[in-house]
Amino acid sequence: MWKQKIYKLLEANQIAFESVQNQSVFELIFIPENQIYLHLIDLQTFQNNALPDNYFQDFSHRINTQNQRIIHLWEDVYLSKTDLVKSRILTMLGNFTRLHARHCFIERIDKPTADNFLEINHLQGSVKAKFKYGLFLKPQYIERFIGSIVCEDTDNGNSKITVPLLIAVATFSGGRTMKIGNRADTRSFELIRFATLQGYVVVGGMNKLLKAFIKEHQPDDIMSYADRDWSDGRSYDKLGFTKNENNLPQSFYINLKTLERSSINLPIEVEYLKIFNTGSIKYIKYVQSFI
């Protein structure tokens with residue numbers, strides 16, 4: 001069973017945990033050292049219980065008010081992106097390789113490069129975005145931090161050179177002119193996706209990407225959304241974003257054969273399960289205070 005593989009992952013990495021009883025209809029694991037709960041949501045139990053739409057959102061709120069965090073891990077997400085889920089869990093528990101933004105540089109990247117990276121390294125994959133930025137680890141640091149050299153052939157026969165490694169990606173929307181307060185010409189952008197290479201954390205990486213975007217486009221503000229299935233928004237707080245509002249849980253339809261999620265009702269001939277998530281938190285970065 002997939003849930004047993006989560007227990008084995010924790011045991012293999014010598015992470016102490018406790019099984020918590022009678023707080024949820026689903027299995028609940030607590031990791032004391034990190035003050036993190038893993039909420040293992042299997043589809044059969046969800047299907048067998050008539051839960052209110054705010055079940056997971058209220059659960060998160062109770063945990064967060066205790067200055068603790070919770071990951072709502074759905075069965076379909078684990079089964080469809082197993083390696084990424086394992087990596088995300090271990091990263092949140094402190095098992096990762098640390099890099100620093102000063103060892104990286106930024107370049108605009110094309111859509112295929114961004115899409116390929118995000119499909120592998122972001123739980124929600126890639127979506128349409130106008131501006132795409134890559135954070136690259138400089139060639140001289142690749143062997144030191146990654147443990148192997150990334151090479152490409154040159155025109156000089158068998159000689160090879162090291163090349164930069166794409167370590168993180170951030171994508172943004174185009175600008176929208178909005179009326180905020182007395183201003184009718186506020187230019188607002190959205191940070192749509194951010195992801196790092198599995199198993200790595202780049203200290204200052206998102207901050208560096210934001211600065212590059214702001215320098216090029218000079219927005220008045222940047223908004224983004226924290227997925228409450230995985231985040232309590234603290235990473236946005238550290239970047240100087242301001243919490244704007246809590247958004248209600250969103251419904252999805254899971255194809256029970258393919259485990260694919262859809263935000264629209266599936267055809268009647270498809271066996272599916274309607275679920276709801278934990279909602280999201282909207283954050284806004286007011287750029288005037290950033291530069």
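Quick caveat, the model's predicted, so the values are computed rather than measured. This chain uses plain numbering: 1 for the first residue, then up along the sequence.
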Cluster link [X] to [Y], ILVMFWY, side chain under 4.5 Å:
X: Ile275; Y: Leu79; answer: yes
X: Ile120; Y: Val127; answer: no
X: Phe117; Y: Phe213; answer: yes

Nearest 0.5 Å, please: how far is [atom2] in [Y] from [atom1] in [X]?
X: Ile71; Y: Trp230; atom1: CD1; atom2: CH2; answer: 5.0 Å
X: Thr171; Y: Leu118; atom1: OG1; atom2: CG; answer: 6.0 Å
X: Arg228; Y: His61; atom1: CZ; atom2: NE2; answer: 8.0 Å
X: Leu273; Y: Arg261; atom1: CG; atom2: CZ; answer: 10.0 Å
X: Asp53; Y: Gln250; atom1: CG; atom2: CD; answer: 12.0 Å
X: Gln47; Y: Leu43; atom1: CD; atom2: CG; answer: 8.0 Å

Side chains of [X] and [Y] in contact at under 4.5 Å (non-hydrogen atoms):
X: Leu40; Y: Phe26; value: no
X: Val77; Y: Ile41; value: no
X: Ser60; Y: Ile63; value: no
X: Lys128; Y: Lys111; value: no
X: Thr242; Y: Lys282; value: no
X: Leu209; Y: Phe194; value: yes
X: Phe136; Y: Ile167; value: no
X: Ile281; Y: Lys243; value: yes

Do side-chain atoms of [X] reach the backbone of [Y] as a donor and acceptor pair under 3.5 angstrom?
X: Ser173; Y: Glu190; value: yes
X: Asn13; Y: Ile15; value: no
X: Thr91; Y: Phe96; value: no
X: Arg193; Y: Ser126; value: no
X: Ser80; Y: Asp76; value: yes
X: Asp221; Y: Ile284; value: no
X: Asn54; Y: Gln57; value: no
X: Lys208; Y: Cys104; value: yes

[X] and [Y]: side chain donor to acceptor below 3.5 Å:
X: Thr186; Y: Asp220; answer: no
X: Tyr55; Y: Ser24; answer: yes
X: Asp42; Y: Thr45; answer: yes
X: Gln124; Y: Asp227; answer: yes
X: Asn48; Y: Gln44; answer: yes
X: Tyr7; Y: Glu27; answer: yes
X: Glu216; Y: Tyr133; answer: yes

Heavy-atom closest contact ([X] atom, [Y] atom, distance):
X: His72; Y: Thr278; value: CD2-OG1, 3.3 Å
X: Pro164; Y: Pro139; value: N-CG, 3.8 Å
X: Asn34; Y: Gly94; value: ND2-N, 4.5 Å
X: Arg176; Y: Met223; value: NH1-CE, 4.1 Å
X: Lys285; Y: Gly240; value: NZ-CA, 3.3 Å
X: Ala101; Y: Val202; value: N-CG1, 3.8 Å

*May I have the step-by-step check of side-chain contact (heavy atoms from CB on, under 4.5 Å) for Asn255 and Leu266, ending in yes or no?*
CA-CA 8 Å; Asn255 185 321; Leu266 297 175; 4.2 Å; yes

*When you check the gap from the basic side-chain N to the acidic O, do Glu75 and Lys3 get nearer than 4.0 Å?*
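So Glu75 does not pair with Lys3 through a salt bridge.
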
Got a sec: does the [atom1] of [X] have more than 12 other heavy atoms crowding it under 6.0 Å?
X: Gln66; atom1: CD; answer: yes
X: Asn67; atom1: CG; answer: no
X: Glu271; atom1: CD; answer: no
X: His217; atom1: NE2; answer: yes
X: Lys274; atom1: NZ; answer: no

Under 6.0 Å between the ring centres of [X] and [Y]?
X: Tyr236; Y: Phe241; answer: yes
X: Phe56; Y: Trp74; answer: yes
X: Phe189; Y: Phe172; answer: no

*Honestly, is Arg144 close enough over Tyr141, meaning NZ or CZ under 6.0 Å from the six-membered ring centre and within 45° of the axis?*
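The answer is no, since Arg144 fails at least one limit relative to Tyr141.
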
*Take Ser280 and Asn247 through the test side-chain hydrogen bond (donor to acceptor under 3.5 Å, both in side chains) and record every step on the way to the result.*
CA-CA 5 Å; Ser280 61; Asn247 292 323; 3.2 Å; yes

_Determine whether Asn116 and Thr113 satisfy the following criterion, side-chain contact (heavy atoms from CB on, under 4.5 Å), listing intermediate values before the conclusion._
CA-CA 5 Å; Asn116 290 339; Thr113 301; 6.0 Å; no

